[in-house]
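Following: one structure in structure tokens, then a few remarks.
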Amino acid sequence: MKMIKSTIDKATGFEKRFENINTVVFENSTEASKAVARQIAALIQSKQKNNESCILGLATGSSPKGLYAELVRLHKEEGLSFKNVITFNLDEYYPMEPDSINSYVRFMKELLLDQVDILPENYHIPDGTLSKEEIADYCHNYEVKIEALGGIDLQILGIGGNGHIGFNESGSLQNSKTRLVALDHITRVAASGDFSGLSNTPRTAITLGVKKIMEAKQVILMAWGEGKSNIIKKSVEGEVTNQIPASFLQEHNNAVFVLDREASSKLTRINRPWLVEKIVWTDKLIRKAVLGLALDLKKPILMLTDADYIENGMSDLLADSGPAYDINIKIFNKLQNTITGWPGGKPNADDHNRPERAEPTRKKVLIFSPHPDDDIISMGGTFMRLQQQGHEVHVAYQTSGNIAVADDEALRFARFVCDYNDKFAIKSAEAEDIYKKAENFLKNKKASEIDIPEVRYLKGLIRKGEARATSHFVGLPDEQIHFMELPFYETGTIEKKPLGKKDIQLTMDLIEKIQPHQIYAAGDLADPHGTHKVCLDAIFEAVKALKSKPFMNDCWVWLYRGAWQEWGIDEVEMAVPMSPDQVLEKRHGIFKHQSQKDGVVFQGTDAREFWQRAEDRNSETAQLYNQLGLSHYAAMEAFVRWKF
């Protein structure tokens, strides 16, 4: 069986010498998933020719979704048969009913098994309904079935933020068997969004052991997005340790990590290519190398010496562009020129070295916010400054954000409407009926159920009211506040529809209506299947479709980041500083989103509230600028320009 090949990853063995496992990098997760699907299809077909069964180990989570979609396409459009395929899934939450919206049985059946011609007796998924007394024997028999078939031919894996494979958490041993495990807090927090909060997230799961994974004839681990980049680097370039179970795969004789660009971004050959090969020193690479060197050595840029360059693998740069003093000055000036208190451009000023144009003096600005609070959390200081400096600012809330509202919040607001009507003698039997219907549903809501429309609308209205309150706080009139409610989001579940033509058309219509000089969009790419990514794709597609329009010649697109991360210091093209008073004002704007305070449904892996994350992140950006030898501000919001 040939190993997976990428059309963009041409690195030699020498260039990969920091890596202890084979890695293949693709431009994006779509191309990577197709390549893995082709390899699986070839394996299935080769087994069919020999009249043999093909034993596949399958994974769940976001990483294999594209793979399963492509396998379904190959079955429906190219006749790939699964009749000789036998599958064993890695894991299942415990306890878990198979019809639950979060069960891996349901996941696998909906995404793959029910859409191909695999025989029902040929797929195996750990049973989350067993009594605890039954689990040990069940797990033993699960392994016996695999062994009786000659072992797994190809095992598909994802990777957790702590390096777990399957649910083999940090501390798992290489000889661990299929078993019931306690889930790490990091794993539970990462999954808590699917379960509407950490308190509802299972504490245990049944998982295939590391031993059986290592016994597979071939292993393909897939990882997408910047959020996986740190653990990928540790797993691939670090030591083999049970603290990072994925690192065990370094000792497998036929394993490959299949990555997209973002997931591979911290690997040495990609992050610091000058350490592994002779490169052409572009302006972008020079800036990345010099700023990285200054931060590593904890020196201001202007304090770097020739010896610093030579001792850290940058002698080629020194020979081409040195001495160090000249390079330092160039990079220092470029970084300094990113700082501006005028994100809409400074009127009547020389804009040659400024990130934004001076003209037109009063710009039309369109801020896209994927959820009803991303605008204020991610660029609240810039949002307020644009408004205060006299620009015509519009904000567009791309989705309702309704699934991020707790059930009790929805009931509280429904009860308020009833009490309001009662207090002012407004007769509304409909309002009472809606409240009773919502109350009855939520009291009896099962894990497998999505909210009824009335509850979803209530939750959406709560988020809409909070978003409007924030925009009014900033100073926007109602006609400059736009609620788009893109159709891809409105499923009532965590799982969304793919980006559709209507999503793109609605985005195009708004852009064409406003004809902005500036567009701000959330550039979060950590999760390629997340709402932010879909919203960004809608904007990208809309802008590309409109680029022939005359007004688009004057439109610049600036990307901000969300509450979880910031642009790398070498990527920043505009940094908007904030004073302590402005930081506090931004906090008050975030506080308008009361349903997202003190008990956020989608907390992520960070225990801090959103306002705390934003303040810490903005403060850290300002500290980096100061550490590199520039002015010290209380906080900074950072942006990168997308040139379409």
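By convention here, the first residue in the shown sequence is residue 1. The model shown is predicted, which means the values in this text are computed figures rather than measured ones.
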Please check if the side chain of [X] supplies one atom and the backbone of [Y] the other of a donor-acceptor pair under 3.5 Å.
| X | Y | answer |
| --- | --- | --- |
| N122 | T87 | no |
| S170 | Q243 | yes |
| T178 | C139 | no |
| W224 | S63 | yes |
| Y489 | Q398 | no |
| D616 | R613 | no |
| D91 | L208 | no |
| D407 | L442 | no |
| R188 | P202 | yes |
| S176 | G209 | no |

Is [X] salt-bridged to [Y], going by a charged N under 4.0 Å from an acidic O?
| X | Y | answer |
| --- | --- | --- |
| R73 | E78 | yes |
| E147 | K212 | yes |
| R412 | D408 | no |
| R561 | E226 | yes |
| K597 | E609 | yes |

Heavy-atom side-chain contact between [X] and [Y] under 4.5 Å:
| X | Y | answer |
| --- | --- | --- |
| D114 | E110 | no |
| K233 | T268 | yes |
| D373 | R463 | yes |
| F441 | K445 | yes |
| F248 | M214 | yes |
| Q48 | I44 | yes |
| N84 | E52 | no |
| I270 | T23 | no |

Counting only heavy atoms not in [X], do more than 12 sit closer than 6.0 Å to its [atom1] atom?
| X | atom1 | answer |
| --- | --- | --- |
| F540 | CZ | yes |
| N51 | CG | no |
| K234 | NZ | no |
| H140 | NE2 | no |
| K217 | NZ | yes |

Taking every non-hydrogen atom, the tightest pair across [X] and [Y]:
| X | Y | result |
| --- | --- | --- |
| L56 | I152 | C-CG2, 4.2 Å |
| I462 | S595 | CG2-CB, 4.0 Å |
| A59 | P64 | O-CG, 3.5 Å |
| K177 | R179 | O-NH1, 2.8 Å |
| A522 | H532 | CB-ND1, 3.9 Å |

Under 3.5 Å, is there a donor-acceptor pair linking the side chains of K266 and N271? no
N162, N242, T207 screened by side chain to side chain donor-acceptor pair (under 3.5 Å) with E169, the one that passes: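 Of N162, N242, T207, side chain to side chain donor-acceptor pair (under 3.5 Å) with E169 is met by N162 alone.
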Residues forming a ring-ring contact (aromatic ring centres under 6.0 Å, His included) with Y93, sequence neighbours excluded: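 Expected list: Y104, F167, F195.
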Give me the ring orientation class for F88 and Y142: parallel if the planes are under 30° apart, tilted from 30 to 60°, perpendicular past 60°.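 Perpendicular: the ring planes of F88 and Y142 meet at over 60°.
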